[in-house]
Amino acid sequence: MHEILTDHPLDACNSFGFRARSRYAVEIRSEADLQSALADPRLKDLPRRLLGGGSNIVLASEFDGVTLLMRIAGRQLVQAEADHFIVEAAGGETWHDFVRWTLDEGYPGLENLALIPGTVGAAPVQNIGAYGIELADRFETLRAFDTEAGTFVTFDREACAFAYRDSVFKHRPGRYVVTSVRFRLPRPWQPVLSYPDIAAAFRDADPVSPRAVFDEVVAVRGRKLPDPAVIGNAGSFFQNPVVAADQHARLKVSHPAMGGYPQADGRIKLSAAWLVEQSGFKGMRLGHVGVYDRHALILVNHGGGSAAEITTLAGRIKAGVMEKFGVQLVEEPVFL
Ligand code: EPU
């Protein structure tokens, strides 16, 4: 049975490390906890939100409602076939610990997604991706509680409508609570070395092992991205914008150094980090927050910062990039 916590601090539940409190909070350790908390007459009419690892959110200081803290644990091998493994993890598992477990157990395929902060349950919401792989590439199904219908539902890949840092869950905030996710890991394992940062380390390596890719991804992320336990941040703060090919061609005339990655639909993905750096924001400070000096896409809390300060900084960056390049940046984290 769930327990209701009152005036609960959330400083440790958001990777920016902002000071924040919720009038009520409930730790969800099982699907039964979830159902009983949702049915609890003391909580029923209050505003409600769900927190996983808190690594992709900008949290306001006060919430006059109930925060459900996803803590359901568990991971298992579901199926081992000649051409694939199916593995499952509960929504409250830490993503990186789960990835490490799959390698320890001999089910490789998620190693490029090592060290991404957050929980398993949050991973499909923004379709996490790094170093040439997206969650959607390894996704089988997920189980979620539909808070409107009051039933558990299973989503296959199509129903999730995955796209770059996007899914159906992002567009229906609050409706679904993801309680477990299944992954399909193809056999035999093939390394994904398409991303230049990773490929460089394996130029002369033969054969390549899953563990070596895992270690390299951990090393590259460690070099480029700040550890949220040391400097508060939410990973990339802006999505890489995708523009029409003719707009890219025009921009290239005035900014010859600008890169671009052609997409399947013919449009071009730009590097948001490059746009932010060229607009002069890299390393900039504003009050207690700023732009990380080693990667322009990461906004950081230097200590004592707030959602309001981050919002102001993000607004200035968006205006600066719009003025210089005419490109609209879109935030990646969710504002709560
Ligand atoms: N760049 C700059 N200035 C910088 C940093 C990078 O100009 O300060 C340029 C460089 O030219 C570099 C390019 O930006 O080649 C791309 O940088 P990077 O390889 O670091 O990747 P990214 O596009 O900035 C994306 C994801 C990351 C993911 C990496 C690796 C988004 C919004 N971000 O970053 O995901 O780890 O690729 O695959 O898609 C996240 O979503 O939170 C995240 C960290």
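Start at 1 with the first residue, then count along the sequence. Computed from a prediction, not measured in an experiment: that's the story for all the values here. Ligands are counted one by one from 1 in listed order, and the atoms in each one are counted from 1 as well.
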Using a 4.0 Å cutoff against the non-hydrogen atoms of E277, which atoms of ligand 1 qualify? 2 (C), 3 (N), 4 (C), 7 (O), 8 (O)
Geometric class of the F169/Y176 ring pair [parallel <30°, tilted 30-60°, perpendicular >60°]: perpendicular
Salt bridge check, E331 against K318: does any charged N sit closer than 4.0 Å to a carboxylate O? yes
Does the protein place any heavy atom closer than 4.0 Å to atom 44 (C) of ligand 1? yes
R250 bridged to D246 by N-O distance under 4.0 Å: yes
Does at least one non-hydrogen atom of F238 fall below 4.0 angstrom from an atom of ligand 1? yes
Quick one: which ligand 1 atoms are inside 4.0 Å of a heavy atom on G235? 42 (O)
Is any N or O atom of G132, backbone or side chain, closer than 3.5 Å to an N or O atom of ligand 1? no
Cation over ring face, K282 and Y292, 6.0 Å, 45°: no
As a test of the contact definition, would atom 19 (O) of ligand 1 count as having a protein heavy-atom neighbour under 4.0 Å? yes
May I ask you to decide if the ring planes of F152 and F145 are parallel, tilted or perpendicular, using 30° and 60° as cut-offs? perpendicular
For atom 6 (C) of ligand 1, what's the nearest protein heavy atom and its distance? A273 CB, 3.4 Å
Got a salt bridge between R184 and D83, using NZ or NE/NH1/NH2 to carboxylate O under 4.0 Å? no
N/O of Y261 under 3.5 Å from N/O of ligand 1, yes or no? no
Of the listed options R221, K282, E332, R165, closest to atom 35 (O) of ligand 1 (non-hydrogen atoms): R165
Enumerate the atoms of ligand 1 whose separation from the nearest heavy atom of W274 is less than 4.0 angstrom. 2 (C), 7 (O)
Above 12 or not: heavy atoms from other molecules or residues under 6.0 Å from CD of E81? yes
Is it true that K224 and D197 have a side-chain N and a carboxylate O under 4.0 angstrom from each other? yes
Using the side-chain hydrogen bond (donor to acceptor under 3.5 Å, both in side chains) rule, take E111 and W189 through it: C-alpha gap first, then chi angles, then the decisive distance, then the call. CA-CA 11 Å; E111 56 283 340; W189 175 78; 2.7 Å; yes
Measure the distances from the heavy atoms of Y164 to every atom of ligand 1 and state whether one is below 4.0 angstrom. yes
With under 30° as parallel and over 60° as perpendicular, where do the rings of F98 and W95 fit, or are they tilted in between? perpendicular
Give yes or no for whether the N/O distance cutoff of 3.5 Å, strictly under, is met between Q239 and ligand 1. no
Indicate whether atom 10 (C) of ligand 1 is within a distance of less than 4.0 angstrom of some protein heavy atom. no
Answer side chain, backbone, both or neither: which part of S271 comes under 4.0 Å from ligand 1, heavy atoms only. side chain
Carboxylate-amine/guanidinium proximity below 4.0 Å for R23 and D7: no
Please list, in number order, the atoms of ligand 1 under 4.0 Å from a heavy atom of N240. 23 (O), 31 (C), 32 (C), 39 (O)
Counting from 1 in the order shown, the ligand 1 atoms closer than 4.0 Å to a non-hydrogen atom of A296 are 4 (C), 8 (O)
Is the closest N or O pair between R294 and ligand 1 shorter than 3.5 Å? no
Has ligand 1 got any nitrogen or oxygen that is less than 3.5 angstrom from a nitrogen or oxygen of Q126? no
Per-atom contacts of ligand 1 with A130, taking only distances under 4.0 Å to non-hydrogen atoms: 36 (O), 38 (O)
